[in-house]
Amino acid sequence: MVVTRIAPSPTGDPHVGTAYQALFNYVFAKQHGGKFIVRIEDTDRSRYNPTSERRILEMLEWLGLSPDESPLKGGPNGPYVQSQRLPIYHQHVRILLEKGAAYRAFDTPEELARAREEALRAGKQEMGYNRRYRDYPPEEAERRAAAGEPHVVRLKVPLEGKTIVHDLLRGPVEFDNATLDDKVILKADGYPTYHLAAMVDDHLMGVTHVIRAEEWLTSTPFHIHILRAFGWKEPVWCHTPLLRNPDKSKLSKRKMDTSVDSYRAQGILPEALLNYLGTMAWSMPDGREIFSLEEMLVHFRLERIRLGAPVFDLEKLRWMNGKYIREVLSLDDLAERVKPFLERAGLTYPSEDYLKQVVEVMRARFETLQEFVDKSMYFFSEAYPMQEKALAKLREGAQLLPELHERLQKAPNMLPETTEPLLRGYAEAKGIKAAQVMQPLRAALTGSLETPGMFDLLFLLGKERVLRRLERAIERTRAS
RNA sequence: GGCCCCAUCGACUAGCGGUUAGGUCACCGCCCUUUCAAGGCGGCGGCAGGGGUUCGAAUCCCCUUGGGGUCACCA
């Protein structure tokens with residue numbers, strides 16, 4: 001059975017890179033009838049963020065990438081949080097120590113820093129660990145360890161030969177063992193490093209395909225040596241390109257908004273974000289750009305992932321979100337999604353029906369759910385702002401306002417069939433262009449010059465509000 | 001800097017030896033139009049460079065250049 005996983009570390013906001021990896025791992029596992037696991041890698045106590053784990057798990061649910069096994073769901077291979085698996089790692093480190101595949105090293109951080117400095121000054125190319133304790137007598141090491149002397153455990157990597165990483169997308173990637181390092185696998189604080197913990201867990205959890213970001217490619221030889229030291233089989237390695245900032249560097253929160261929570265708060269739809277991520281380094285065979293997770297499940301092939309690292313383009317994400325808003329979601333669904341945003345803005349609506357009609361006329365005019373709220377305020381409140389340019393238009397047409405008020409008041413209703421001839425007829429009678437009537441009226445009714453069509457506006461606002469707003473506008477132009 | 005990966009319009013991509021190099025976003029026009037959008041139509045714009053291989057290279061090979069990643073008791 002195919003088993004994939006993502007192994008996020010709970011260090012901050014749920015990252016789009018995590019969502020990206022989750023997408024590929026989820027889709028690949030699911031289309032093979034396999035399992036998708038989430039394991040929390042919290043072995044760095046200094047960077048631990050207590051809310052992060054929950055938010056990462058929530059993000060996955062929001063996106064619809066539910067894991068089969070996770071800290072929340074549990075599963076046969078738990079626990080799924082590495083800090084709760086310490087005995088397992090210790091037991092495995094013990095095995096490597098006994099096999100002579102790893103060794104204890106008693107260098108202090110200061111000593112290491114000094115050694116690095118010296119190596120640097122000597123102009124050495126490889127700046128790895130000097131392997132001072134590699135051949136230290138094991139009995140002596142055990143004695144010092146038993147005496148409570150702080151130390152780490154390092155893996156004894158081969159000094160010669162080559163290690164070949166068989167990457168699914170790249171083919172064989174060759175590394176000279178001489179360039180490898182005896183990296184730490186167990187830290188002085190008793191926590192394993194990523195390398196050891198990930199390999200032990202992947203093995204114990206039955207992970208068959210390691211689909212992860214390319215930044216891991218160069219540490220894969222080391223991972224292979226950990227697996228070999230245990231005598232375990234390698235998974236299929238598949239390193240996917242890194243998402244990038246507009247300046248082409250690795251996607252980072254310093255340069256970009258990388259928080260999925262933040263996109264969610266702005267009103268980016270989960271479907272749109274997922275769809276957009278699905279077009280990063282991957283594409284549908286038929287070239288379709290708008291596709292659902294279900295459709296991706298049908299057509300996804302790992303082999304179709306390109307190796308060039310794509311730039312995460314906010315502009316296109318927003319466009320795609322707009323596409324979902326105006327073409328993919330049903331009106332009912334869209335109205336439903338907009339509700340929490342209205343609520344957060346403290347805006348209320350008189351009826352479901354009214355809300356739906358507003359959403360319908362606004363639909364082509366907003367790209368995020370938050371934008372709907374920002375641009376539709378005047379449909380829900382009298383406390384909408386009067387924009388500078390709108391005020392100018394209002395003044396331009398100030399003398400028309402009383403007449404418009406009078407005519408609209410006499411109108412039997414605000415239906416388009418009534419108001420359209422009324423307004424057009426009025427413009428004609430005055431010998432001016434329709435726009436000269438519409439614009440001041442628009443400004444009076446909405447405080448804006450960017451709104452849905454006038455007849456929709458009149459109908460949705462209703463006679464009472466239309467007249468009231470006109471009166472207020474007349475007051476306003478008179479006052480100034 | 002060492003090692004590793006990568007390279008088609010500004011961005012995302014199709015292409016897998018023979019195409020006028022196609023699509024999407026962005027940008028620019030035009031149309032529609034009461035504004036703003038949306039939509040329709042059109043345009044701008046690309047195979048990093050140099051060598052090979054081949055009857056024929058965006059496609060295969062090599063070099064150069066460029067970009068990225070990685071070199072922690074972080075993941």
Side-chain angles (χ1 to χ4, degrees), chain A residues 7-9 11 41-44 46-47 105 107-109 112-113 116 120 123-129 150-154 165 167 169-170 173-176 178-181 183-189 191-195 197-198 213-221 239 241-242 244 246-250 276 279-290 306-320 322-323 326-327 362-367 375 389-390 393 420 423-424 427 433-439 441-443 446 448-455 457:
Chain A
S9 51
T11 54
E41 312 237 324
D42 60 344
T43 56
D44 183 354
S46 64
R47 294 204 305 159
D107 315 81
T108 64
L112 290 176
R116 250 192 298 270
L120 198 65
K124 285 183 72 174
Q125 296 296 11
E126 269 94 44
M127 296 181 292
Y129 175 54
H151 65 282
V152 300
V153 176
R154 290 176 180 271
V165 176
D167 185 88
L169 300 175
R170 278 161 266 258
V173 181
E174 206 175 273
F175 293 86
D176 210 324
T179 65
L180 266 34
D181 195 15
K183 284 183 194 305
V184 172
I185 56 175
L186 189 71
K187 300 183 250 183
D189 65 2
Y191 279 69
T193 57
Y194 168 84
H195 309 292
E214 188 183 349
E215 57 186 329
W216 295 107
L217 184 57
T218 47
S219 41
T220 307
H239 293 90
L242 248 13
R244 304 206 239 181
D247 71 359
K248 310 273 192 185
S249 57
K250 168 166 93 167
Y276 179 66
T279 65
M280 300 270 84
W282 190 79
S283 59
M284 274 286 189
D286 66 3
R288 229 179 320 171
E289 274 198 297
I290 303 298
R306 309 172 11 98
L307 292 174
V311 170
F312 190 83
D313 181 19
L314 242 50
E315 201 75 53
K316 192 155 182 183
L317 204 214
R318 287 177 56 84
W319 167 79
M320 196 170 271
K323 195 84 175 162
R326 71 187 96 91
E327 290 176 22
M362 286 300 295
R363 209 170 190 181
R365 297 176 167 83
F366 64 99
E367 287 188 319
K375 293 182 173 178
K389 283 180 180 170
K393 274 287 175 215
E420 179 154 12
L423 291 180
R424 291 197 191 283
K433 285 193 281 187
Q436 288 175 276
V437 175
M438 306 280 196
Q439 288 295 70
L441 182 56
R442 188 186 313 280
T446 68
S448 170
L449 256 23
E450 299 165 13
T451 78
M454 180 53 68
F455 313 116
L457 231 36

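Numbers restart at 1 for each chain; the letters A, B, ... are given by sequence-line order, proteins then strands.
Rounded to an integer number of Å, the gap from CG of A:L314 to P of B:C25 is 17 Å. Nucleotide B:A75 holds its C1' atom 4 Å from the CH2 atom of A:W216, rounded to whole Å. What separates CH2 of A:W282 from P of B:U13 is a distance of 12 Å, to the nearest Å. In this structure, A:K323 places its NZ atom 10 Å from P of B:U24, rounding to the nearest Å. In this structure, CZ of A:F312 is placed 18 Å from C1' of B:G68, rounded to the nearest angstrom. Spacing between atom CZ of A:R306 and atom P of B:A58 amounts to 18 Å, rounded to whole angstrom units. Between the CG atom of A:L457 and the C1' atom of B:U35 there is a distance of 10 Å, given to the nearest Å. Atom pair A:R318:CZ and B:A26:C1' shows a separation of 13 Å (rounding to whole Å applied).
One P atom belongs to B:G29, the other to B:C36, and the distance between them is 14 Å to the nearest Å. On the P atoms, B:G18 is 12 Å away from B:C60, given to the nearest whole Å.
Residue A:D107 is classed as a base contact, given a heavy-atom separation below 4.0 Å to a base. When heavy atoms are screened at a 4.0 angstrom cut-off, A:R154 is found touching the sugar-phosphate backbone but no base atom. Counting any heavy atom pair closer than 4.0 Å across all strands shown, A:T279 reaches sugar-phosphate atoms only and no base atom. Nucleic acid contact for A:P452: base, since at least one base atom lies under 4.0 Å from a heavy atom of the residue. Contacts of A:P310 with the nucleic acid, taken as non-hydrogen atoms under 4.0 Å apart, involve only primed sugar atoms and P, OP1 or OP2. Looking at heavy-atom distances under 4.0 Å, A:L112 makes contact with a base. Residue contacts for A:E174: at a heavy-atom cut-off of 4.0 Å it reaches the sugar-phosphate backbone alone, with no base atom in range. The residue A:V152 sits close to a base: some heavy atom pair falls under 4.0 Å. Using a 4.0 Å heavy-atom cutoff across all strands shown, A:R326 reaches sugar-phosphate atoms only and no base atom. Across all strands, A:F455 comes closer than 4.0 Å to base atoms (heavy-atom distances). Using a 4.0 Å heavy-atom cutoff across all strands shown, A:L307 reaches sugar-phosphate atoms only and no base atom. A:G453 comes within contact range of at least one nucleobase, with a heavy-atom separation under 4.0 Å. In this structure, A:M320 reaches neither bases nor backbone, as no heavy-atom distance under 4.0 Å exists between it and the strands shown. Among the atoms of the strands shown, base atoms are found under 4.0 Å from some heavy atom of A:R424.
From A:M280, atom CE reaches atom CZ of A:R244 across 11.0 Å, with rounding to the nearest 0.5 Å. Distance check: A:T451 OG1 to A:R442 CZ gives 4.0 Å after rounding to the nearest 0.5 Å. Between A:M284 atom CE and A:T279 atom OG1 the span is 11.0 Å, to the nearest 0.5 Å.
Proximity of A:K248 to the phosphate of B:A11: a side-chain N or O atom is located under 4.0 Å from OP1 or OP2. OP1 or OP2 of B:G67 has not a single side-chain nitrogen or oxygen of A:K250 nearer than 4.0 Å. Contact check, A:K187 against B:A75: a side-chain N or O comes under 4.0 Å of OP1 or OP2. Between B:A75 and A:T43, a contact under 4.0 Å exists linking OP1 or OP2 to a side-chain N or O. OP1 or OP2 of B:A14 sits under 4.0 Å from a side-chain N or O of A:S283.
With a cut-off of 3.5 Å on both Watson-Crick or G-U wobble distances, the partner of B:C71 is given as B:G1.
A donor-acceptor contact under 3.5 Å is not formed by the side chain of A:R170 with the base of B:C5. On a pure distance criterion of 3.5 Å, a polar donor-acceptor pair joins the side chain of A:K316 and the base of B:U24.
In terms of position on RNA chain B, the residue among A:R442 and A:V173 whose nearest nucleotide sits closer to the 5' end is A:V173. The residue among A:E327 and A:W319 whose nearest nucleotide of RNA chain B lies closer to the 5′ end is A:W319.
In this pair, A:W216 and A:H195 present their aromatic rings perpendicular. The plane angle is above 60°, beyond the 30 to 60° band.
No salt bridge links A:K187 with A:D189; every basic N to acidic carboxylate O contact stays at or beyond 4.0 Å. For the pair A:D313 and A:K316, the salt-bridge criterion is not met [side-chain N within less than 4.0 Å of a carboxylate O]. Taking a cutoff of 4.0 Å between a charged side-chain nitrogen and a carboxylate oxygen, A:E214 and A:K250 do not qualify as a salt bridge.
A 4.5 Å side-chain heavy-atom check between A:P452 and A:M362 finds at least one atom pair inside the cut-off.
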